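Let me begin by presenting the structure, written as structure tokens, before commenting on it.
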Amino acid sequence: MSNPTSPSPDTELSTLLGKPWRKPPFIKRAGLRWMLILGFAAYLIAAVLTIEVNWSRVYDGLERGKQFVLAFASPDFTTRSSDIWGGMLESIIMTVVASVVGIAISIPIALGAARNIAPLPVYVICRAIIAISRSLQEIIVAILLVAIFGFGPLAGFLTLSFATIGFLSKLLAEDIESMDKVQSEAVRASGARWLQWINYGVQPQVMPRLIGLAIYRIDINFRESAILGLVGAGGIGATLNTAFDRYEYDTAAAILLIIIVIVMAMEYLSGVIRARVQ
Amino acid sequence: MPVSEREGQTLWKRRSGRESLFHWILWLIGITIFALCWQRISAVTTWYFVWDAPTIAGDIWSRATPPKWEYITQLGRPIWDTLNIATLGTIIALILAVPVAFLAARNTTPSVLLIRPIALLIIVATRSINALIWALLLIAIIGPGVFAGVVAIAIRSIGFCAKLLYEAIEEIDESQVEAITATGASRWQVMAYGIVPQILPALAGIAVFRWDINIRESTVLGLVGAGGIGLQLSSSLNVLAWPQVSLILLVILAAVVISEWVSAKVRGAII
């Protein structure tokens, strides 16, 4: 006996029989789908129309673009080698110090931002710190810190540390919140003090994740340290900017190649380490 | 289990003697490197300015507040430009990233030895260089303006989108692909009916995620002359118009928060 309100399987099949199959649409409601498509098309037309492209300038620039691409084939590491190595060293130093300090500060903040460990007032304060750190871009923070602390790697170091806090604390806090309660309760039941509880009940559970995140963040910090020089916060960015301004594409290509190689090496290393600890 | 003897009792220890020595040496090396690096930073820092910093910060704060609210009338066009840089950049990046991702994924690449490494190189090279550096380069090549910003964002996003997308392609369900192949479909039909429907949700998620990041990045592209609200920020900073700077920073903050909210909503609806 079939339900009268819904078509029986037989009639559903018979209505479908003989018709060619059609791909189901990504958005089911036809009205919404067309509205989205039309709205998006209208926006795209408006957006493209308001972009002013000076095609003759672009055409002139193609020659320089070609020179730049060719410069990658013959990068010049030697002419400005002292500037390049000095800048690179400063970038790496900033990365190391900022990562160490940033990670050291973000661990207590992550503990404070985990709802299963921290009381509500601490939780709210730590989450506020994370939100502020995450919503400000590195480069803007760097501009303000350069204005306050003067030019040099100190401003860059502080910027990267600040950015590390928002990134690491948030992800670590989420990991702490999803940890296994049983283990930490067992440690607490043995009469552990608060610090012992954190060290033996919580820390072993989140350590692999912490190491993975820390290495990932070191990777990001290095990439970011390459641009902080643009606003005077130390590192290779200043040398790169000068190279572009003087149209010394072979030097710029050399710097970019070094950055790419270091990033690739760190990505490979971080992959190996993360595979080992997880 | 490592234990130690004390007063005739065996006590539990976390590490054996050799392990703790190893840990101690690692810490020593780490702290030495840190100290050396810090020394370098400290040597090139003018500490007088640092001790002076609280006064300077207070001074800047008193200049920057209250923000110059009426300046917002001049920010409409820059905000529109910023939005366009992010959106058009994301679209161009996706168009370019899809073929790269298919070439880079192990199960769809035409040649593992030759083409896959090239695709991976494109992904790494575009990913490891920041949008600001791409913008610097493009300004030198095609001149300052919004167009350079769009292209910079597009190039920078290719690697990110292609990497996430090729990982999604590698994780697809092979049995669906086999089923389509068994019906006698051509290579392109297998792609369109076997693979694409499986990665479409991932693609939409990646697009919105990257768009959110691109809004952030395009707000600062103007600092090097690539259009958007960053141009206003940089010119206000150059003339030390702090009330305008604080207003622009508030607008950027609002844009970032709104785009993050939109992206979270859309991704929640898709997944």
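Computed from a prediction, not measured in an experiment: that's the story for all the values here. Below, chain A is the first sequence line, B the second, and so on; all start at residue 1.
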Check whether any side-chain heavy atom of B:W47 sits under 4.5 Å from a side-chain heavy atom of A:F149, and report yes or no.
no

Member of B:V256, B:I252, B:L253 meeting the side-chain contact (heavy atoms from CB on, under 4.5 Å) criterion with A:L136:
B:L253

Give, as side chain, backbone, both or neither, the part of A:Y249 having an atom under 4.5 angstrom from any heavy atom of chain B.
side chain

Please report the shortest heavy-atom distance between A:A147 and B:W242, naming the atom on each side.
CB-CH2, 4.2 Å

Any sub-3.5 Å donor-acceptor pair from A:Q137's side-chain atoms to B:V220's backbone N or O?
no

Side chain to side chain, A:Y43 and B:L83, heavy atoms closer than 4.5 Å
yes

So B:R127 and A:V263, do their side chains get closer than 4.5 Å, heavy atoms only?
no

Does A:Y59 reach the side chain of B:I142, with side-chain heavy atoms less than 4.5 Å apart?
no

Taking a cut-off of under 4.5 angstrom between non-hydrogen atoms, the residues of residues 227-234 of chain A near chain B are A:I227, A:L230

What residues of residues 37-44 of chain B sit under 4.5 Å from chain A when you count only heavy atoms?
B:C37, B:W38, B:R40, B:I41, B:V44

Do B:I139 and A:F244 have side chains that approach each other closer than 4.5 Å (heavy atoms only, starting at C-beta)?
no

Closest heavy-atom pair, B:S128 versus A:I260, reported as atoms and distance to 0.1 Å, is OG-CG1, 3.6 Å

Suppose we screen for side chain to side chain contact (heavy atoms under 4.5 Å, CB included). Which residues come up paired with A:L44, at least two apart in sequence or across chains?
A:F40, B:L88, B:I91

Can you list the residues that meet the salt bridge (Lys or Arg N to Asp or Glu O under 4.0 Å) rule with A:D245, with sequence neighbours excluded?
none

